[in-house]
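When a residue number appears, it is its place in the shown sequence, counting from 1. When reading the values below, keep in mind they use all heavy atoms of this one structure, side chains included, and skip hydrogens, waters and symmetry mates. Just so it is clear, the structure is predicted and the values come from calculations on it, not from any experiment.
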Amino acid sequence: KFNADTFSDIVSITLLAERIDNIASLWCVGQKPSGSGDPFSLRRHATAVINICNVYEWDIPLSNIVGEALFLLEKQGLIFVHSQCRGEIMNFILERIRAQMKLNEEIRSDCVEAILHYDKSQAGIIKDIRKHIISLTTEIKNNNPLAEIFYRLHAIIRSAPIAPSSLASPPSPDLFSAAEEKNLHARIQQPLADEAWKNLTFTQKLQTLGSLKDAVDPFFDHVLVMDKHENIRQNRLRLLYSIYKRFLELADFTKIHHKDKQRKQPQHP
């Protein structure tokens, strides 16, 4: 649903619907672009969809509009695989966003990939995708140590002898012994708590995670995560996962280029 307060809004909504309908209709009858061929200018239609959403900053998942267009085509008797067409059209539009953003020399291409490969970007809230790419690029260029922190966490979590899903429960403070793990736990209690976290903007979340470097580094330098005692080992992994999961909620940080990407994986005891 849109708030169409002016004639201009109504015209833009109509244009958006027309562009989406053109893409969906032609796509479902096999007239999608192939290589350099695009006889029905669907790439131009997709670019227009992006530009309209950017100008009006509509807070609506583009996937919902695409889904509705496909639903109406099905009602008219057109036969196609709904989920396949929906996914392909969304990827097609996201590809146009990728092309647009990479034309801007100020935007880091790895930041574009980190946002576009993130699962929730598939919902297609265009204004958010664009803003998040710009915010992530800005923070990385401002020397926010996001990538460094992420890859240290990623290395240990990925090599853990248990599934990440088993680390979702919060750590027990009673099992902390080292000052560095106590300090890290204390640092994340307020800013990463669910209620506080959801009230932060995307940029504030990036800055919050980056600010943990002075607590994360001493932890890795002085605390043996893979302790021989299973309860201590799992408790330390849960502490790290409580930070790691916040990275996973923002972008696919494995796409960010950083020297720690090739960090040697820690060995199990």
Inter- and intrachain pairs under salt bridge (Lys or Arg N to Asp or Glu O under 4.0 Å), touching [range], at least two apart:
range            : result
residues 162-177 : none
residues 128-137 : E57-K131
residues 86-98   : K32-E88, E95-R98, R98-E113

Is there a path of hydrophobic side-chain contacts, each under 4.5 Å between heavy atoms of I, L, V, M, F, W or Y residues, that connects [X] with [Y]?
X    : Y    : result
I232 : L239 : no
I65  : L15  : yes
L184 : L224 : no
L72  : M90  : no
I20  : I52  : yes

With no hydrogens and no angle check, is any side-chain donor or acceptor of [X] less than 3.5 Å from a backbone partner on [Y]?
X    : Y    : value
S25  : N22  : no
Y151 : I256 : yes
K141 : R108 : no
S34  : G37  : no
N104 : E106 : yes

Run the salt bridge (Lys or Arg N to Asp or Glu O under 4.0 Å) test against [X] and tell me which residues pass, sequence neighbours left out.
X    : answer
K127 : none
D214 : R187
K198 : E195

*Sequence neighbours left out, what pairs pass ring-ring contact (aromatic ring centres under 6.0 Å, His included) with at least one residue falling in residues 59-91?*
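Residue pairs passing ring-ring contact (aromatic ring centres under 6.0 Å, His included), neighbours aside: none found.
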*Which pairs, with at least one residue in residues 167-206 and sequence neighbours excluded, count as a ring-ring contact (aromatic ring centres under 6.0 Å, His included)?*
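Every ring-ring contact (aromatic ring centres under 6.0 Å, His included) pair that includes a residue of residues 167-206, provided the two are not neighbours, is H132-F202, F176-H185.
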Using a 4.5 Å cut-off on heavy atoms from C-beta on, say whether the side chain of [Y] contacts that of [X].
X    : Y    : answer
N51  : Q100 : yes
L192 : L212 : yes
E148 : D217 : yes

[X] and [Y]: which non-hydrogen atoms are nearest, and at how many Å?
X    : Y    : answer
L200 : P191 : CD1-O, 4.2 Å
A160 : M226 : CA-CE, 3.9 Å
T201 : Q204 : N-OE1, 2.8 Å

What distance separates [X] [atom1] from [Y] [atom2], expressed to the nearest 0.5 Å?
X    : Y    : atom1 : atom2 : value
I243 : I149 : CD1   : CD1   : 8.0 Å
I50  : L16  : CD1   : CG    : 11.0 Å
I97  : I129 : CD1   : CD1   : 4.0 Å
L175 : R238 : CG    : CZ    : 7.5 Å
I134 : C111 : CD1   : SG    : 11.0 Å

*Between E181 and R236, does a side chain to side chain contact (heavy atoms under 4.5 Å, CB included) hold up when you go through it step by step?*
CA-CA 8 Å; E181 62 183 332; R236 288 172 176 171; 3.1 Å; yes
*Which residues pass the side-chain contact (heavy atoms from CB on, under 4.5 Å) test with A24, sequence neighbours left out?*
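Partners of A24 under the side-chain contact (heavy atoms from CB on, under 4.5 Å) test: A69, L70, L73, I89.
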*asked:* Just checking L103: does its CG atom have more than 12 heavy atoms from other residues, nucleotides or ligands closer to it than 6.0 angstrom?
replied: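 Above 12, so yes.
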*Could you name each residue pair satisfying side-chain hydrogen bond (donor to acceptor under 3.5 Å, both in side chains) that touches residues 36-48, not counting sequence neighbours?*
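Passing the test, one end in residues 36-48: R19-H45.
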*Could you list the residues that satisfy ring-ring contact (aromatic ring centres under 6.0 Å, His included) with F253, not counting sequence neighbours?*
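So F253 forms a ring-ring contact (aromatic ring centres under 6.0 Å, His included) with F150, F247.
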*Can you sort out the partners of E230 under side chain to side chain donor-acceptor pair (under 3.5 Å), two or more places apart, ordered by chain and number?*
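Scan of E230 (side chain to side chain donor-acceptor pair (under 3.5 Å), adjacent residues dropped) gives Q234.
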